[in-house]
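Written below as structure tokens is the structure these notes are about.
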Amino acid sequence: MSQTVDRALSILPLLAEGPADLGRVADRLGVHKSTALRLLRTLHEHGLVYRQSDQRYRLGARLFALAQEAMENLDIREIAHPHLVRLNETCGHTVHLAVYEENEVLYIDKVDSRYPVRMYSRIGKPVAITVAAVAKLLLADLPEPERRAVAESLEYPHYTARSTPDAAAFLKELATVREQGWATDLGGHEESINCVAAPIRGADGRVVAAMSVSAPNVVVTADELLTLLPLVRRTADAISGEYSGRTPVTDPTKDTA
């Protein structure tokens, strides 16, 4: 039975490459055509493969519907939270999780610092979109026309001397963030607060959320906070792997290098 299931499942990645006829499926599996046909018929009955008029098989609509349903039922906050807690326990600083929804970047989770000086951010509260590190990651992943349209529609408050001054500067920074795969806010929103952030990606590689570590200057300097970037990125990668089902769950706070 396990061999039959294994063979049937092996057909799906083959058809993901494009439609294939019975002979190609049999050759790939290393079985007789009659065995391949029996497997294909079973998958067809469940809507996982479809037989075209040219007698070739392709992936069926039911497979895509199941994948979409599964993605819609994934809760990125639930998946990410244990990782955020472990990161917080390791570094001691405030950890945030944010998403982009309806032209706003919102915090959807937060683990407070263990130090006496706390940040006043709140779950459900929009972030300062033109300066926040998590916002830069989420907007940088947008297609170029949408990214430009969003940047040109924003106002650019002068929070501090390091705040993003205008759309041109913002688009330039987003291009850098998109290329390097991480972002910072070094006193752009509050002079005394620094932040480093990394993206969380779905199975298609698109950024679905962003996470960050923030701390005030009285606790650590900006340079000291930047040394945590590898740990932040490993944590984001671990969340991405669990969210997309690509990799086993590991503890990113333990450096295996």
Side-chain angles (χ1 to χ4, degrees), residues 68 71-81 83-84 87-88 93-113 118-160 162-178 180-215 232 235-236 239-240 243-244:
Q68 182 63 31
M71 290 301 298
E72 290 175 353
N73 288 328
L74 283 176
D75 184 344
I76 185 62
R77 182 183 182 278
E78 181 179 352
I79 292 171
H81 187 72
H83 296 273
L84 305 184
L87 177 59
N88 169 266
H93 306 307
T94 301
V95 182
H96 287 109
L97 179 70
V99 296
Y100 181 57
E101 290 184 355
E102 299 180 355
N103 299 319
E104 288 186 324
V105 176
L106 305 170
Y107 289 128
I108 61 171
D109 201 3
K110 176 185 179 182
V111 185
D112 276 313
S113 167
R118 300 291 181 90
M119 295 185 63
Y120 292 103
S121 55
R122 297 193 307 272
I123 296 174
K125 181 181 178 181
V127 310
I129 197 168
T130 60
V131 292
V134 288
K136 294 171 188 176
L137 285 164
L138 291 161
L139 296 184
D141 191 62
L142 297 175
E144 196 277 334
E146 185 177 355
R147 189 163 71 244
R148 181 170 295 277
V150 170
E152 292 175 350
S153 71
L154 295 173
E155 296 181 357
Y156 291 84
H158 190 73
Y159 299 110
T160 75
R162 297 182 180 181
S163 297
T164 308
D166 51 39
F170 194 42
L171 286 168
K172 182 178 180 180
E173 184 163 12
L174 293 184
T176 299
V177 168
R178 186 181 179 92
Q180 69 189 14
W182 50 274
T184 62
D185 169 16
L186 304 179
H189 187 217
E190 298 179 56
E191 288 279 5
S192 62
I193 301 293
N194 298 304
C195 175
V196 294
I200 297 167
R201 300 181 184 275
D204 59 358
R206 297 297 305 273
V207 176
V208 297
M211 56 157 297
S212 65
V213 169
S214 304
V232 175
T235 300
I239 298 170
S240 299
Y243 180 77
S244 64

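All values derive from a computational prediction rather than experimental measurement.
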Exercise. Flag the pair Val95 / Asp112 as yes when at least one side-chain heavy-atom distance between them is below 4.5 Å, and no otherwise.
Key: no

Exercise. Using atom types as modelled and distance alone, determine if a side-chain donor or acceptor of Arg147 lies under 3.5 Å from a backbone N or O of Leu142.
Key: yes

Quiz item: So, does Asn88 use its side chain to make a donor-acceptor pair with the main chain of Thr94 at under 3.5 Å?
Solution: no

Quiz item: Taking the side chain from Ser212 and the backbone from Ala197, do they hold a donor-acceptor pair closer than 3.5 Å?
Solution: no

Self-check item: Side-chain (Thr184) to main-chain (Cys195) donor-acceptor, under 3.5 angstrom
Solution: no

Quiz item: Less than 4.5 Å apart, any side-chain heavy atom of Ile200 and any of Leu97?
Solution: yes

Exercise. May I ask you to check whether over 12 heavy atoms, not counting those of Glu155, lie within 6.0 Å of atom CD?
Key: no

Exercise. Start with the C-alpha gap between Val196 and Trp182, add the side-chain angles, then the distance that decides, and say whether side chain to side chain contact (heavy atoms under 4.5 Å, CB included) holds.
Key: CA-CA 8 Å; Val196 294; Trp182 50 274; over 6 Å; no

Quiz item: With a 4.5 Å heavy-atom cut-off, do Val150 and Tyr100 have their side chains touching?
Solution: yes

Quiz item: Any side-chain heavy-atom pair from Val111 and His81 closer than 4.5 angstrom?
Solution: yes

Practice problem: Take Ile76 and Ile239, measure what side chain to side chain contact (heavy atoms under 4.5 Å, CB included) needs, and give me the verdict at the end. | Solution: CA-CA 8 Å; Ile76 185 62; Ile239 298 170; 4.0 Å; yes

Exercise. Could you give me the CA-CA distance, side-chain angles and deciding distance for Leu154 and Phe170, then say whether side chain to side chain contact (heavy atoms under 4.5 Å, CB included) is met?
Key: CA-CA 10 Å; Leu154 295 173; Phe170 194 42; 3.8 Å; yes

Quiz item: Side chains of Val127 and Leu106: does their closest heavy-atom pair fall under 4.5 Å?
Solution: no

Quiz item: Do the rings of His189 and Tyr159 sit parallel, tilted or perpendicular, given the 30° and 60° boundaries?
Solution: perpendicular

Exercise. For the pair Arg77 (side chain) and Ile108 (backbone), establish whether a donor and an acceptor sit closer than 3.5 Å, ignoring hydrogens and angles.
Key: yes

Quiz prompt | Spacing of CD1 belonging to Ile193 relative to CG belonging to Asp185, to within rounding of 0.5 Å | solution = 9.5 Å

Self-check item: Arg201 side-chain N/O to Val208 backbone N/O, donor-acceptor pair under 3.5 Å
Solution: no

Practice problem: For the pair Thr235 and Met211, evaluate side chain to side chain contact (heavy atoms under 4.5 Å, CB included) and give the outcome as yes or no after the intermediate values. | Solution: CA-CA 9 Å; Thr235 300; Met211 56 157 297; 3.7 Å; yes

Quiz item: Rounded to the nearest 0.5 Å, how far does NE2 of His96 lie from CG of Leu84?
Solution: 10.5 Å

Exercise. Please confirm whether the backbone N or O of Thr130 pairs with a side-chain atom of Thr164, one donor and one acceptor, at under 3.5 Å?
Key: yes

Quiz prompt | Euclidean distance, Ser163 OG relative to Glu191 CD, rounded to 0.5 Å | solution = 8.0 Å

Quiz item: Is Asn194 reaching over with its side chain to a backbone N or O of Ala215, donor-acceptor style, under 3.5 angstrom?
Solution: no

